[in-house]
Amino acid sequence: MSGARIPGRRIAAAVLAGALPALAFPAPALWWFAYVALVPWMLLLRSAPTGRRAALEGWLGGAAFIVAVHHWLLPSLHVFLVPVAALLGVLWIPWALLVRRLLGGAPSAVRAGAALVLVPAGWLLSELVRSWQGLGGPWGLLGASQWQVPPALRLASVGGVWLVGLVVVAVNCAVVLLVAVPGARAPAVAGLTGCAVLTGMVWLWAPAPEVSGRLRVAVVQPGPVADGPDSTERRFAAGERLTRTPAGGPVDLVVWGESSVGEDLTARPDLARRLAVLSAEAGAPLLVNVDARQPDRPGIRKSAVLVDARGPTGDRYDKMRLVPFGEYVPARALLGWATSVGRAADEDRVPGDAPVVMSLPGGVRVGPLVCFESAFPDMSRHLVRGGAGLLVAQSSTSTFQDSWAPAQHASLAALRAAETGRPMVHATLTGISAVHGPSGERIGGALPTGASTAAVYEVPTARGTTLYVRFGDWPVAAALAVLAAYCAAAGSRSLRKPVRGPSSPPARTVRG
């Protein structure tokens, strides 16, 4: 930046503007704000005097966004959250450069039209890279802020949360053009119209799930249990008591939350017998979650285990995608010191090998997920392609009980249900537990944080296949293709551009 001093007000503005989109997510859940939340940040980037300044402001804004959306991790990571956010903030630099290049100055109608496509694609690229499990996973994807908006959920059934995010960023881009570029109002209006038409067409013509039956599912939420040497037993006893109390007649499935059983059922046959008795009394299988070592395998696993009146059925799913630092420390030899700073895992848990689809007596098949696996669109899609008619996420956010985390986590079930056209049960130890139907709609009331209770939900099952299940992450492929074409065209132009060589020195004459 040629040694020029960076104005402090622009640094502060970049940080503040990057953090603003967090308000669109739960707990504030200002879903409508998502459609203008990027505008201040984009206005700042388009006015950056140099590309290096735009890159800096994109990095600062991206880091601020990560901190704002994940601020509830501070009790676990403490100061470690800041370098993590700084690392992930780098992913927004290409997007920031695109914003400056395409929206800066007085863009022509062609350049403005290109911005309406390329700027959303650039944003999606940053989301795609950080969705890798090792970088924290796809938590806080912008499209996920629309979990309670029926037209957006229908978009998700066509192109997943990715398509929703592209539309949200395109609307922000059009608003920037309307506000800052008077000469580009025609393409801006065309962009807004295109987003509205696309949403309307999907709403009218995309296949909606066809309800095929009903399942009665009991969700058991034991509530907070004080830490202590017998806390796992007290939690088990609370789940046991609540399983016997839900009103409303027989059920088809009882779901307990993550880590609801603290010892392996093979090593503790007495616990297996108690669960079998509960299943017999309920007249339905129990899906519990075991967080323990197995006698015949090394390491600790988190496992969804199905139990009926005879005991464990043999259906078991070991959690595949573990939470960085919470369940394992990446590159522990290098980053193991994090265990002394926050609540990072003292011992790495062992991941499972493959997804599992479990069968209920009535013929419905269940696809289990554990904890933040519900944030990954591909996992629920693969379960449905494997025959799952009901998705179940077992979770525990008790460490973050009084933060935005429980509401953010529970909201993801709506997206996964809408994407796959299958209902989803989100069962937790301490709340928020919630159930969503095959279109992403809320079924019944959520169980709030802190509540010790059980509830029975009438869950509609559905047949048919959504376009997202059929074609997968096609918006991602389309966005990457558009960006690749743009980069190829830009590279071709730079190669065709004549290179000016150094000027020849003036000829000298010799006067005789």
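As the structure is a computational prediction, the values presented were derived from the model and not from experiment.
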From the options Leu166, Leu142, Val161, Leu91, select the one residue that forms a side chain to side chain contact (heavy atoms under 4.5 Å, CB included) with Glu127. Leu142
Check Arg381 with Glu419, please: is the shortest side-chain N to carboxylate O separation under 4.0 Å? no
Do any N or O atoms from the side chain of Asp291 and from the backbone of Gly262 form a donor-acceptor pair under 3.5 angstrom? no
Would you say Pro150 and Trp203 make side-chain contact, with heavy atoms under 4.5 Å? yes
Please check if any side-chain donor atom of Tyr35 sits under 3.5 Å from a side-chain acceptor atom of Gln146, or the reverse. yes
Could you tell me which non-hydrogen atom of Val39 sits nearest to which non-hydrogen atom of Asn172, and how far apart they are? N-OD1, 3.5 Å
Using the ring centroid of each side chain, check whether Trp123 and Trp95 are separated by less than 6.0 Å. yes
After noting the C-alpha distance and the side-chain angles of Trp139 and Trp72, does the key distance pass the ring pair (Phe, Tyr, Trp, His ring centres under 6.0 Å) rule? CA-CA 13 Å; Trp139 196 286; Trp72 41 269; 5.4 Å; yes
Could you list the residues that satisfy side-chain hydrogen bond (donor to acceptor under 3.5 Å, both in side chains) with Lys319, not counting sequence neighbours? Glu327
So CD1 of Ile11 and CG of Leu56: to nearest 0.5 Å the spacing works out to 6.0 Å
Flag if over 12 foreign heavy atoms under 6.0 Å of CZ, Arg154: yes
Do the non-hydrogen side-chain atoms of Glu441 and His436 ever get within less than 4.5 Å of each other? no
Ser395: side-chain hydrogen bond (donor to acceptor under 3.5 Å, both in side chains) partners, not counting sequence neighbours: His409
Within a 6.0 Å radius of atom CH2 on Trp404, are there more than 12 heavy atoms belonging to other residues, nucleotides or ligands? yes
Does Asn289 use its side chain to pair, donor to acceptor, with the backbone of Val370 at less than 3.5 Å? no
Within 45° of the six-membered ring axis of Phe376 and under 6.0 Å from that ring's centre, is NZ or CZ of Arg321 located there? yes
Atom CG of Leu163 and atom CG of Asp473: how far apart are they, to the nearest 0.5 Å? 11.0 Å
Nearest-0.5 Å distance that lies between atom CG in Leu87 and atom CD1 in Ile66: 9.5 Å
Looking at CZ of Phe25 and OG of Ser145, how far apart are the two atoms once the value is rounded to the nearest 0.5 Å? 5.0 Å
What is the distance from atom OG of Ser374 to atom CG of Leu369, rounded to the nearest 0.5 Å? 7.0 Å
Ser396 side, atom OG; Lys302 side, atom NZ - distance, nearest 0.5 Å: 7.0 Å
Looking at residues at least two apart in the chain, or sitting in another chain, which of them share a salt bridge (charged side-chain N to carboxylate O under 4.0 Å, His left out) with Arg111? none
